[in-house]
Amino acid sequence: NTMLSWQRTAFHFQPDKNWMNDPNGPVYYKEWYHFFYQYNPNDAVWGDIVWGHAVSRDMIHWLYLPIAMVPDQWYDANGVWTGSATILSDGQLVMLYTGSTNESVQVQNLAYPADPSDPLLLNWTKYDKNPVLSPPPGIHYRDFRDPTTAMLTSEGKWRISIGSKINKTGIALIYDTEDFKNFELKNGWLRAVQGTGMWECVDFYPVSSINDVGLDTSAYGDGVKHVVKVSLDDDRNDYYAIGSYDEKLASFLPDDVKNDVGIGLRYDYGNFYASKTFFDPSKQRRILWGWITEYDSECVDRTKGWASLQGIPRTVRLDRKTGSNLIQWPVEEVNSLRLRSSEFKDLKAKPGSVVPLQVETATQLDIVAEFEVDKEALETTLPESDTDYICESSGGASRRGALGPFGLLVLADAGLSEFTPLYFYVTKGLNGSLRTTFCSDQSRSSVATNVNKKVLGSVVPVFGGEKLSLRVLVDHSIVESFAQGGRTCVTSRVYPTRAIYGAAKLFVFNNATDATVTASIKVWQMNSAFIRPYHPETDT
Ligand code: DQQ
């Protein structure tokens, strides 16, 4: 349907048609990045799940390959569900995935490349004695899924985690194995948190606390912290915790129980789910993939013939300045799509102003912006007792405060009948300290009615002397925002009907009542990634 074709993205990964959900088994193998994904080959809604497959040299320019695995066995007859890749010490690749059986029991299965010398990994062999794991006693047959990438123990065994729940308590089970065929259930859990419900797509990995280099999944010891991430089925968000992992006890302890697994920090305060990381040995970094779903109706998705995107892959590492959150940033390869740029230096936005930026079209952009709040206003503004600005419930970009909101209007039409504000909101506490929140306001993104109109976002740590900074990737119907170098990230799906193609514009706005804001902004037009099928003769 050409009526909705402007929503299709140009540099985010999406299949040429139909439904996609979770990222699966991302891995670097024989100089190719491999990406698998939950895919419905028959419809633009969830169902009939197979593993789609694509390869890339740079995680931006993707080539579609044939479907990797389909439900052709009793143990995955209801779907080839989410799983992870592990590269063994000798370079062999093994894949563990969840099968939903002919009776809808969730079991874990082993698969491996039919021809390990094939860099494209076109054919997959399922182990003939699958399943390798069935739900243990006490676990409901439909609460046992999404095995992690394995990490080595000090005994030389491989260790995986699988998400589940007991009553309302989310848990991560731990299994050790030597051969990925026979598994031993460990006592206790990696972590359990009351009231969080089913843990989907557990991820478990090390981050360095001494430098910014990514770590192999098995790294352990001095200078290493661990991250546990869970996808909460009940509220459809990805939560992580940073802490220490006791390898002997097979258990994880968060640094801060207020930010325990599943309750505190989120990778993204917008639309981002079922994510998974992998270690990229070619550039010594850890990469995070996340599924970005639709915020419109299934009926519309069927009309347009596709649903869902993957976020731009992000490097992920510990924020060594705060020590208490991760830093996420689009992989550097996305910069290769940058075309012409426009620069706006020291632009003064007075209280209550909207300033257009001349940037040709504004549907495929990479924006880097810095904002400075007028020092005098910061000093003279009276402290407030209520500094708890919450994006979801604070009235969006139109509610004015002394020191905010200010930021950008993206995917805006000239008459401002549609626009998406990305903004900072600063509040001053009674003790004089400042608190900064970053929000993405979808409430006026579209004149269409059957789309999500929430204001999304969260608080962002800012140190004295730091300017407020923002990186934004705009791609037709997705807006990915990275505030303060990637400390707080917010992804929106938006569905403008007027602010499309050449009619889409970009503005700076300042809706604060007291403070003038100085903005410096660089905007690149972004090329398309031309994602297409692999051609054996020309694609090498
Ligand atoms: N999606 C898969 C499951 C997983 C869920 C099924 C998360 O394995 O728990 O498509 O989105």
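In listed order, ligands and their atoms are each counted from 1.
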J.: Could you identify the single nearest non-hydrogen protein atom to atom 11 (O) of ligand 1 and state the distance to 0.1 Å?
T.: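 Heavy-atom neighbour on the protein nearest atom 11 (O) of ligand 1: D22 OD1, 2.8 Å.
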
J.: At under 4.0 Å between heavy atoms, which part of N21 makes contact with ligand 1: side chain, backbone, both or neither?
T.: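 Near ligand 1, N21 shows its side chain, while the N, CA, C and O stay back.
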
J.: Considering only the protein, which heavy-atom contact is closest to atom 3 (C) of ligand 1, and what is its distance?
T.: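 Checked against all protein heavy atoms, atom 3 (C) of ligand 1 sits closest to D146 OD1, 3.5 Å.
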
J.: Looking only at the side chains, is there a donor atom on one of S440 and S481 sitting less than 3.5 Å from an acceptor on the other?
T.: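 Their side chains do not contain a donor-acceptor pair, so the 3.5 Å distance test is not met.
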
J.: Would you check if the distance from the ring center of Y267 to the ring center of Y240 is below 6.0 Å?
T.: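 Distance test on ring centres: under 6.0 Å, yes.
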
J.: List ligand 1 atoms under 4.0 Å from T82, heavy atoms only on the residue side.
T.: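 Those qualifying, in numeric order: 2 (C), 8 (O).
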
J.: Walk me through whether R159 and T153 qualify under side-chain hydrogen bond (donor to acceptor under 3.5 Å, both in side chains).
T.: CA-CA 7 Å; R159 176 168 288 171; T153 69; 5.3 Å; no

J.: Write out the residue and atom name of the closest protein heavy atom to atom 6 (C) of ligand 1, then the distance separating them to 0.1 Å.
T.: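 Result for atom 6 (C) of ligand 1: Q38 OE1, 3.2 Å.
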
J.: Under 3.5 Å between any N/O of W46 and any N/O of ligand 1: does that happen in this structure?
T.: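 Yes, there is a polar N/O contact under 3.5 Å.
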
J.: Side chain to side chain contact (heavy atoms under 4.5 Å, CB included), that's the test. Do T98 and Q108 meet it? Break it down for me.
T.: CA-CA 5 Å; T98 299; Q108 316 313 324; 2.8 Å; yes

J.: Examine E200 against ligand 1 and note whether any of their N/O atoms are separated by less than 3.5 Å.
T.: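 Yes - when backbone and side-chain N and O of E200 are compared with those of ligand 1, one distance drops under 3.5 Å.
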
J.: Quick one: sort the W51 and F36 rings into parallel, tilted or perpendicular, breaks at 30° and 60°.
T.: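 Ring orientation, 0 to 90° scale: tilted.
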
J.: Go through the steps for K165 and E200 under the test side chain to side chain contact (heavy atoms under 4.5 Å, CB included), then give the verdict.
T.: CA-CA 10 Å; K165 68 168 182 192; E200 296 188 316; over 6 Å; no

J.: Please determine if R145 has a nitrogen or oxygen closer than 3.5 Å to a nitrogen or oxygen of ligand 1.
T.: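 There is such a contact, yes.
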
